[in-house]
Amino acid sequence: MPVIPWDWESVLRFLGIRLGDIPTTVVRDGAVTVDALVRRADAFSDRPAGGGATTIISGGRLQIITTVPHGPHWVALRRNLTSEAFHPVRGLARAAPHRERALTGLVADVASRSCSGDGVVPVRDCLYAALFKLNVATCFGDGVVDCEQVAKLLYWDRWKQLVHSPLRQEEMYLPLIRARQEQRRRTGDTSATSYVDTLLDLEVPAEGDPHQKRNLNDGEMVGLVSEYLGASTGTVLALLEWTLANLVLQPDVQSRLRREVEAAGGEACAYLRAVVMEALRRHPPVPAVQRHMSSDVVVGTTPVDRGTLVNFSLEDIGRNSKIWTSPEDFIADRFMPGGEGAGVRLTVGSKEATMVKMMPFGAGRRICPGMGYAMVNLQYFLAKLVTAFEWHLVKGEEEVDLTAEHGFFTTMLNLLHAQVVPRTTSLQTTA
Ligand code: HEM
């Protein structure tokens, strides 16, 4: 498969950054990246104000986790997310019933589309509906969003318009935040079981006096809700679509995955994790991370002035041909015992500076806080999708177009359509 070089200028322009406006440096080396992001985190923990996919998703609001400068306000927002909604035990347990409901809906949706008309399923539409439903539920909690409102949110095209309009976000999300507030008041149940509950309770340091605290205002809550829904849906959606595309192209990998998941009773297993890791390596939904320099530094051997924007290319690290054999190929086996990716972890410690092989969730203090939630959802969704269905090339087609589109996240330029066969139906009867 041809290697398509990155067009940095257009990617940065998309992120709201024009080359020439801000001095920009691009780093493609893993060891230099880890040295900066992990070992010298004091200097490399600020993002540029404005720019960045989640800022766009949040309608240009800057008081969200992604763009707030490194400091007490950021600590309060980030700790709030990781200590409750994404707590590795409590948070993930609370999300489980929502995920089960979303998966049941997804299976019913794919089954009905695969059995009607030509049986061709528009994969992104189905995945988007299920993931958004899940994330809306973990965000607002039970009993706040009625079916009609969810239906309004569910259409991919409408959501794309929504992310560009702070006013429409307010119209959409503020009533839901208020409804949750009212529900808690009415029932007297003040426990925090959704992300919005935690935002309603949260106190952040007051401006000008760090000893004083204040609650979040409406605009800040809307921005944070928007960031949560956008980041949690867009990334996992992109990765699942890329993974299914590769499974359509490699039926033997798909069959092996199905067998191994079934042997594990439908649960996570080594090969499922290997497939997800290979998808993260080959198709990282966030291809690069940005840091803004508030002092003069040296990156690798290059002096970088204060005010410079440094882009660390995660995509280049995962596709380094000095580290990976045939890096453009999708080879899940690399991550199985004995493979070149065996033992690779997603978090990077300071001692691993010279050995880092991939970094799809970033690194250092601003590493993705949604990593645990995303990994669980990716594995559950994929396990269910391959055990419930067979995924094939559309009849008459010989290829899946794997060209990437660099937008908020790196997605497939041409949406995946697949000929889907429910597992209870024999493929021969439909061929
Ligand atoms: C496959 C799934 C995901 C991938 C590949 C991914 C990737 C990333 C990357 C590369 C960063 C930048 C890290 C850095 O600058 O070092 C990031 C940051 C972030 N991600 Fe994710 N992400 C994923 C899922 C999620 C989910 C489910 C959420 C849930 C809300 C989320 C929320 C965020 C937030 C809030 C930040 C900013 C963190 C900060 O600045 O402190 N992400 N993500």
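The chain is numbered in sequence order, starting from 1. Just the heavy atoms: all of them, side chains too, but no hydrogens, waters or symmetry mates, feed the values below. For ligands, and for the atoms within them, numbers begin at 1 and follow the listed sequence.
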Trainee: Checking Arg366 side chain against Asp46 main chain: does a donor-acceptor pair fall under 3.5 Å?
Mentor: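 Judged by distance alone, no pair lies under 3.5 Å.
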Trainee: Using the side chain to side chain contact (heavy atoms under 4.5 Å, CB included) definition, which of the options Val310, Val289, Val348 pairs with Leu37?
Mentor: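 Exactly one candidate clears the test, Val289.
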Trainee: Does the residue Ile65 have a heavy-atom contact with ligand 1, meaning some pair of atoms that are separated by less than 4.0 Å?
Mentor: yes
Trainee: Report the part of Ser232 (side chain from C-beta onward, or backbone N, CA, C, O) that has a heavy atom under 4.0 Å from ligand 1; answer both or neither where that applies.
Mentor: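 The part of Ser232 near ligand 1 is both the backbone and the side chain.
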Trainee: What are the atoms of ligand 1, with element, lying closer than 4.0 Å to any heavy atom of Tyr373?
Mentor: 27 (C)
Trainee: Can you check which of Ala288, Ala279, Pro360 brings a heavy atom nearest to atom 10 (C) of ligand 1?
Mentor: Pro360
Trainee: Considering the heavy atoms of Ala363, write down every atom of ligand 1 situated less than 4.0 Å from one of them.
Mentor: 16 (O)
Trainee: Taking side chain to side chain donor-acceptor pair (under 3.5 Å) as the definition, give me every residue that meets it alongside Arg291, ordered by chain and number, with sequence neighbours left out.
Mentor: none
Trainee: Between Arg78, Arg365, Met371, Met359, flag the one that comes closest to atom 38 (C) of ligand 1 by a heavy atom.
Mentor: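 Result: the heavy atom closest to atom 38 (C) of ligand 1 is in Arg78.
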Trainee: For Gly339, is there any backbone N or O sitting under 3.5 Å from a side-chain donor or acceptor partner on Arg334?
Mentor: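 No, the answer is negative, given that no donor and acceptor are paired below the 3.5 Å cut-off.
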Trainee: List ligand 1 atoms under 4.0 Å from Phe86, heavy atoms only on the residue side.
Mentor: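 Listed by number with element: 29 (C), 30 (C).
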Trainee: Measuring from non-hydrogen atoms of Arg291 to any atom of ligand 1, is the shortest distance under 4.0 Å?
Mentor: yes
Trainee: When you compare the side chains of Asn135 and Tyr373, does any donor N or O come within less than 3.5 Å of an acceptor on the partner?
Mentor: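 Side chains of Asn135 and Tyr373: pair found under 3.5 Å.
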Trainee: For atom 37 (C) of ligand 1, which candidate among Leu240, Val289, Thr66 provides the closest heavy atom?
Mentor: Thr66
Trainee: Numbering the atoms of ligand 1 from 1, which are under 4.0 Å from a heavy atom of Leu314?
Mentor: 10 (C)
Trainee: Considering the heavy atoms of Tyr228, write down every atom of ligand 1 situated less than 4.0 Å from one of them.
Mentor: 30 (C)
Trainee: Return yes if some donor-acceptor pair links the side-chain N/O of Asp109 with the main-chain N/O of Gly105 below 3.5 Å, else return no.
Mentor: no
Trainee: For ligand 1, which atoms have a heavy atom of Glu227 less than 4.0 angstrom away?
Mentor: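 Once the distances to Glu227 are compared, the set is 35 (C).
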Trainee: Using a strict cut-off of 4.0 Å, indicate which atoms of ligand 1 neighbour a heavy atom of Gly370.
Mentor: 26 (C), 27 (C), 28 (C)
Trainee: Report the part of Pro284 (side chain from C-beta onward, or backbone N, CA, C, O) that has a heavy atom under 4.0 Å from ligand 1; answer both or neither where that applies.
Mentor: neither
Trainee: Could you tell me which atoms of ligand 1, counted from 1 in the order shown, lie closer than 4.0 angstrom to a heavy atom of Pro285?
Mentor: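 Going through ligand 1 atom by atom, the ones under 4.0 Å from Pro285 are 5 (C).
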Trainee: Is it true that Ser255 and Asp252 share a donor-acceptor pair across their side chains at a distance under 3.5 Å?
Mentor: no
Trainee: Return the NE2 to CD distance between His283 and Glu278, rounded to the nearest 0.5 Å.
Mentor: 8.0 Å
Trainee: For Arg259, is there an ion pair with Glu262 - N to carboxylate O distance below 4.0 angstrom?
Mentor: no
Trainee: Flag Trp74 as yes when one of its N or O atoms lies below 3.5 Å from any N or O atom of ligand 1, and as no otherwise.
Mentor: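 Min N/O separation from ligand 1 is below 3.5 Å for Trp74.
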Trainee: Salt-bridged, Lys357 to Glu340, with N to O below 4.0 Å?
Mentor: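 Looking at Glu340 together with Lys357, the answer is no, because their closest N to O distance does not fall below 4.0 Å.
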